[in-house]
Amino acid sequence: MNKEPIRRRKLSHEVLDRLLARMRNGDFPVGTTLPSERELMEQFAVGRPAVREALQALERMGFIKIVHGEGALVTPISAATVLGQISDAAMHMLSGSKSLLEDLKEARVFFEVGMVRIAAERASDEDIAVLRGALAEHRASITNPEKFHETDMALHRAIATISQNRVYSVVSQAMLKWLENFHADLVWNLGAEEMVLEEHEEIVECIAAHDPDRAVERMVQHLTRANQHYNLEREKTES
């Protein structure tokens, strides 16, 4: 029978776990400050280094903000904060595997199709006005590749926002960011601006007409063509 030694945990990890448990229990609501370092040292019977390491970890996680002279302020956690915590790890993971990048592109199609269906079902007159405004900015930037790309992404984010689900909005933005950081030059669809704009106009009109099936069909066509363009350009750079 193989012996597996029991590894001792760092004291700071134990302090972190206990603080997280108390925060989940409501002992430290958003907007309040945590006990001072000295008080935490006494409560947990540990030294200052363990407490400081735990507090720094909480700050990196987005749970608190350490303000000099004021202590550790408990901050609200948002979907954006959570996604931000995994973005670096996701980029590292994706950069090491072409198959994972393909998985990301497939996941994006699945996600965007769901978002455009919800948008077509729920869009209010105000939502449609926002989409058309975003589309107008997109059209106006057609001669500026960098701006055209920015307004392209803004339009997709606006579609996700119609769901009024903050997780959907943040995930949409994260997926676009991960793809862009991978191969920005390939994601930009250089030379296909007129086609991209036409596809986006059709998608917006389907949403405005509250036609979810047609909106889904147009989104699938748009993303499928974009992925084919991406694969073609990648093959050129690798040959």
Derivation and outcome, side chain to side chain contact (heavy atoms under 4.5 Å, CB included), residues Ile64 and Thr33:
CA-CA 9 Å; Ile64 64 171; Thr33 55; over 6 Å; no
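- Linking Ile, Leu, Val, Met, Phe, Trp and Tyr whenever their side-chain heavy atoms come within less than 4.5 Å puts Met61 and Leu34 in one cluster.
- Nearest heavy atoms, Ala215 versus Ala120: CB-CB, 4.1 Å.
- When side chains are defined from C-beta on, Arg139 does not count as touching Thr151, because their heavy atoms never get closer than 4.5 Å.
- Hydrophobic clustering of Ile, Leu, Val, Met, Phe, Trp and Tyr side chains at less than 4.5 Å, counting indirect connections, keeps Phe148 apart from Met195.
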Step by step, would you call Lys147 with Ile142 a side chain to side chain contact (heavy atoms under 4.5 Å, CB included)?
CA-CA 8 Å; Lys147 186 66 175 177; Ile142 195 167; over 6 Å; no
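- Ser36 places a side-chain N or O within donor-acceptor distance of the main-chain N or O of Glu39, the cut-off being under 3.5 Å.
- For the residue pair Leu73 and Gly31, the shortest heavy atom distance occurs at CD1-O, 3.3 Å.
- Between His222 and His156, the ring planes are parallel. Angles under 30° get that label, and only those over 60° would be called perpendicular.
- Both Leu19 and Leu11 sit in one connected hydrophobic cluster of ILVMFWY residues. Membership requires side-chain heavy atoms under 4.5 Å apart, directly or through other members.
- In this structure, CD in Gln164 is found 9.5 Å from CD1 in Ile162, a value given to the nearest 0.5 Å.
- Asn25 contributes a side-chain N or O that, together with a main-chain N or O of Ala21, makes up a donor-acceptor pair within less than 3.5 Å.
- The main-chain N or O of Gln221 is never found under 3.5 Å from a side-chain atom of Thr224 such that the two would form a donor-acceptor pair.
- The shortest side-chain heavy-atom distance between Arg218 and Asp211 does not fall under the 4.5 Å cut-off.
- Panel note: side chain Glu59, backbone Ile66; a donor-acceptor pair is recorded below 3.5 Å.
- Hydrophobic clustering of Ile, Leu, Val, Met, Phe, Trp and Tyr side chains at less than 4.5 Å, counting indirect connections, unites Leu58 with Val74.
- The ring pair (Phe, Tyr, Trp, His ring centres under 6.0 Å) pairs that include a residue from residues 117-137 number zero, where partners must be two or more places apart or lie in different chains.
- To the nearest 0.5 Å, atom NE2 of residue His149 and atom CD of residue Glu146 are 8.5 Å apart.
- Shown here for Ile159 and Met219, the closest heavy-atom pair between the two residues is CD1-CE, 4.2 Å.
- One distance of note links SG of Cys206 with CG of Asp213; it measures 10.0 Å at 0.5 Å rounding.
- With respect to the salt-bridge test (charged N to carboxylate O, under 4.0 angstrom), the residues Glu205 and Arg132 qualify.
- Atoms CZ and CG, from Arg108 and Asp103 in turn, are 15.5 Å apart once rounded to the nearest 0.5 Å.
- Note: Ile203 CD1 to Glu199 CD = 7.0 Å, rounded to the nearest 0.5 Å.
- Nearest heavy atoms, Glu53 versus Ser12: OE1-OG, 3.0 Å.
- Within the 4.5 Å cutoff, the side chain of Leu135 has heavy atoms near those of the Leu197 side chain.
- Atom CD1 of Ile207 is separated from atom CE of Met115 by 11.0 Å, given to the nearest 0.5 angstrom.
- Residues passing the salt bridge (charged side-chain N to carboxylate O under 4.0 Å, His left out) test with Glu121, sequence neighbours excluded: none.
- Considering all non-hydrogen atoms of both residues, Arg122 and Asp127 come closest at O-OD2, 4.2 Å.
- Between His200 and His138, the angle of the ring planes lies from 30° to 60°, which puts this pair in the tilted group.
- Judged purely by atom type and a 3.5 angstrom limit, Thr75 uses its side chain to pair as donor or acceptor with the backbone of Phe63.
- Val130 and Val204 fall into different hydrophobic clusters, where Ile, Leu, Val, Met, Phe, Trp and Tyr residues are linked whenever their side-chain heavy atoms come under 4.5 Å apart, directly or through other members.
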Mind listing the side-chain donor-acceptor pairs of residues 40-51 below 3.5 Å, one per line with the distance, residues two or more places apart or on another chain?
from: Gln43; atom 1: OE1; to: Arg22; atom 2: NH1; distance (Å): 2.8
from: Arg48; atom 1: NH1; to: Glu37; atom 2: OE1; distance (Å): 2.8

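- The minimum heavy-atom distance linking Tyr168 with Ala160 is given by the pair O-CB, 4.3 Å.
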